[in-house]
Amino acid sequence: MEEEKKTIGVRGLLAMAVVLSLCSLAVSTEETKQKQLRLKENGEFKILQVADMHYADGKTTPCRNVLPSENVSCSDLNTTAFLHRMILAEKPDLIVFTGDNIYASDATDAARSLDAAFSPAISASIPWAAVLGNHDQQSALSREGVMKHIVTLNHTLSQVNPAGVDLIDGFGNYNLEVHGVEGSGFENKSVLNLYFLDSGDYSKVPSISGYGWIKPSQQFWFQRTSLELQKAYMSKPEAQEAPAPGLAYFHIPLPEFTNVVNSSNYTGVKQDPISSASVNSGFFSTLVEAGDVKAVFNGHDHLNDFCGEYTGIQLCYAGGFGYHAYGKAGWARRARVVVATLEKTDEASWGPLKSIKTWKRLDDQNLSTIDVQVLWSNNTPGGA
């Protein structure tokens, strides 16, 4: 990556604010019921992140970069089998697919490929959410068409774009709230906020090469949404002194991932270049200024699976999941798990979030668990 990146200012959002301020951030009661998530009675909420499945045509689609001994009959079905195994082993409360869900240029029928790619989550009746990568739309289905198909599938909480917001770049910008345990003081408050954004595919600006980036309209939506959620969390009843923790999911990594690598302060490995956009749209600064997001989760660079902290935010890769995606022979495909845990109160009930922890699982014989780390704790500076 270039050491010096062009900067696109995000301070010039006031004109857009005039347009978007009329857009309601409220979600209807029916929509709220459809997408409501909450922590389990054991005080935990588990998210499985699946990055870069690159699904195409199933058993006729060959694997890439596997050992000769693994290459016999290896196909997209190995990706499906891995996802089934992960669901059985981890029993996640939510599955998040962070883009390049299909490798559309190799898919005979993109809609059928999408159906097959997400089928393990659907058959397990587990809530799931998806964002787009840079390969999902490379077929007869446009980027909008892909998201419109995704939102028709069973058990998905994905949205084409935020309710009531007409002017926003991309497809697949939305948020989900995770409420406290039923019967606790936080049952009607979101104690964990999940933000999903479309990081684009490729630059549409002739003078700028490379990958896409998160645009000012998306950043303004995030700022407004974060502010509203913080206001609700810090209001009565159960008013809190700091925002509820947030997690952000999108495909293409931010340029600030390079800062993590340069500091060598990370857990996991870096084997790919940081393939962010060639410009810096300022979204990381927007996240820092908002103050609630504790970790960002991306895919895109399949051979990177590290998590590292920069300016108070953990920047995390999941590592490549799919067998039709490029990989490294002998380096197992993998997935990232995140668990949010509530604080136990003196009254033997559940309070706000206590910690957010992560690990990875490998597609080996034992589904090995590696790199367990705490991403955030309310005992650390800046904790809620």
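All values reported here derive from a predicted model rather than from experimental measurement.
- Using modelled atom types, one finds no donor on one side chain facing an acceptor on the other under 3.5 Å when comparing His179 with Asn188.
- Donor-acceptor pairing under 3.5 Å is lacking for the side chains of Thr79 and Asp76.
- Thr358 is not listed as a side-chain neighbour of Val339, based on a closest heavy-atom distance of 4.5 Å or more.
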ring-ring contact (aromatic ring centres under 6.0 Å, His included) between Tyr103 and Tyr55, intermediate numbers included: CA-CA 6 Å; Tyr103 195 71; Tyr55 205 94; over 10 Å; no

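- Residues His149 and Asp115 have side chains that bring a donor and an acceptor to within less than 3.5 angstrom of each other.
- Proximity of a side-chain donor or acceptor of Asp109 to a complementary backbone N or O of Ala111 within less than 3.5 Å is detected.
- Rounding to the nearest 0.5 angstrom, the gap separating the CE atom in Met234 from the NZ atom in Lys189 is 9.5 Å.
- Residue Lys59 qualifies as open at atom NZ: its count of foreign heavy atoms under 6.0 Å is 12 or below.
- Using modelled atom types and a 3.5 Å distance limit, the side chains of Thr286 and Gln219 yield a donor-acceptor pair.
- Counting only N and O atoms by type, the side chains of His300 and Asp52 include no donor and acceptor under 3.5 Å apart.
- Between Phe97 and Trp128, the two ring planes are perpendicular [angle over 60°; tilted spans 30° to 60°].
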Evaluation steps, ring-ring contact (aromatic ring centres under 6.0 Å, His included), between Tyr249 and Tyr195: CA-CA 6 Å; Tyr249 289 90; Tyr195 302 99; over 10 Å; no

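- Using a 4.5 Å cut-off on side-chain heavy atoms (C-beta onward), Val337 and Pro92 make no contact.
- No side-chain heavy atom of Leu353 sits less than 4.5 Å from a side-chain heavy atom of Phe45.
- For the residue pair Leu367 and Ala89, the shortest heavy atom distance occurs at CD1-CB, 3.7 Å.
- In summary, the side chains of Thr225 and Asn175 do not present any donor paired with an acceptor at a separation below 3.5 Å, with no hydrogens or angles considered.
- No more than 12 heavy atoms of other residues, nucleotides or ligands shown are found within 6.0 angstrom of CD on Glu182.
- If you check the side chains of Asn378 and Glu343, you find a donor sitting under 3.5 Å from an acceptor.
- A donor atom on one side chain and an acceptor atom on the other are not found under 3.5 Å apart for Asp106 and Gln138.
- Leu315 contributes atom CG, which lies 8.5 Å from atom CG of Asn259 (distance to the nearest 0.5 angstrom).
- In the hydrophobic cluster analysis, where Ile, Leu, Val, Met, Phe, Trp and Tyr join through side-chain heavy atoms closer than 4.5 angstrom, Ile313 is grouped together with Val261.
- One distance of note links OG1 of Thr341 with CD1 of Ile356; it measures 9.0 Å at 0.5 Å rounding.
- Side-chain atoms of Thr61 and Asp57 include no donor-acceptor pair closer than 3.5 Å.
- Linking Ile, Leu, Val, Met, Phe, Trp and Tyr whenever their side-chain heavy atoms come within less than 4.5 Å puts Val146 and Val50 in one cluster.
- Val96 and Met86 end up in different hydrophobic clusters when Ile, Leu, Val, Met, Phe, Trp and Tyr side chains are linked at under 4.5 Å.
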Residue pair Val131, Asp198: steps toward the side chain to side chain contact (heavy atoms under 4.5 Å, CB included) verdict: CA-CA 6 Å; Val131 293; Asp198 181 2; over 6 Å; no

Side chain to side chain contact (heavy atoms under 4.5 Å, CB included) evaluation trace for Tyr202 with Tyr211: CA-CA 4 Å; Tyr202 302 95; Tyr211 294 107; 3.6 Å; yes

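- Between Phe222 and Phe283, the ring-plane angle classifies as perpendicular under the 30° and 60° cut-offs.
- Between the side chain of Glu309 and the main chain of Gly312, a donor-acceptor pair closer than 3.5 Å is present.
- Residues Ser190 and Val178 share a closest heavy-atom pair of OG-N, 3.2 Å.
- Contact check on Asp371 versus Lys360 returns a salt bridge, with a Lys/Arg side-chain nitrogen under 4.0 Å from an Asp/Glu carboxylate oxygen.
- Taking each heavy atom of Ile252 and Asp201 in turn, the nearest pair found is CD1-O, 3.9 Å.
- The closest side-chain donor-acceptor pair between Tyr326 and Asp272 falls under 3.5 angstrom.
- Contact annotation: the side chain of Phe297 approaches that of Leu375 to within less than 4.5 Å [non-hydrogen atoms, C-beta and beyond].
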Worked check of side chain to side chain contact (heavy atoms under 4.5 Å, CB included) between Leu37 and Leu176: CA-CA 8 Å; Leu37 299 168; Leu176 296 174; 4.3 Å; yes

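- Counted by atom type alone, Asp301 and Tyr317 present one or more donor-acceptor pairs between their side chains at under 3.5 Å.
- Between Glu90 and Arg361 there is a salt bridge, since at least one side-chain N of the basic residue sits less than 4.0 Å from a carboxylate O of the acidic one.
- Under the 4.5 Å side-chain criterion, counting only non-hydrogen atoms from C-beta, Asp169 is not in contact with Trp213.
- Arg85 has a carboxylate O that lies under 4.0 Å from a charged side-chain N of Asp363, or vice versa, which qualifies the two as a salt bridge.
- Summarising the geometry, atom NZ belonging to Lys46 is positioned 6.5 Å from atom NZ belonging to Lys40; distances are rounded to the nearest 0.5 Å.
- Using modelled atom types and a 3.5 Å distance limit, the side chains of Gln373 and Lys357 yield no donor-acceptor pair.
- Taken from CE in Met53 to CZ in Phe118, the straight-line distance is 5.0 Å, to the nearest 0.5 Å.
- Rounded to the nearest 0.5 Å, atoms CG (Leu229) and CG (Asn193) are 4.5 Å apart.
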Criterion side chain to side chain donor-acceptor pair (under 3.5 Å) on Lys294 and Gln314, from CA distance to verdict: CA-CA 6 Å; Lys294 308 304 179 186; Gln314 296 280 351; over 6 Å; no

Worked check of side chain to side chain donor-acceptor pair (under 3.5 Å) between Thr98 and Gln49: CA-CA 7 Å; Thr98 51; Gln49 181 192 358; 3.1 Å; yes

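- A salt bridge does not link Arg143 with Asp136: every distance from a Lys NZ or Arg NE/NH1/NH2 to an Asp or Glu carboxylate oxygen is 4.0 Å or more.
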Verdict with supporting geometry, His251 and Asn298, side chain to side chain contact (heavy atoms under 4.5 Å, CB included): CA-CA 5 Å; His251 183 69; Asn298 298 136; over 6 Å; no

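- Across all non-hydrogen atoms, the minimal contact from Asn134 to Gln137 is O-NE2, 3.1 Å.
- Leu247 places a side-chain heavy atom less than 4.5 Å from the side chain of Leu192.
- Atom CD of Glu41 has 12 or fewer heavy atoms from other residues, nucleotides or ligands within 6.0 Å.
- In the model, Ser226 has a side-chain atom that pairs as donor or acceptor with a side-chain atom of Gln230 under 3.5 Å.
- Inter-residue side-chain proximity for Ile126 and His155 is flagged as unmet; no heavy-atom pair is nearer than 4.5 Å.
- With a 6.0 Å cutoff to the six-membered ring centre and a 45° limit on the axis angle, Arg334 counts as a cation-pi contact of Trp331.
- At a threshold of 4.5 Å between non-hydrogen side-chain atoms, the residues Phe171 and Asn161 count as touching.
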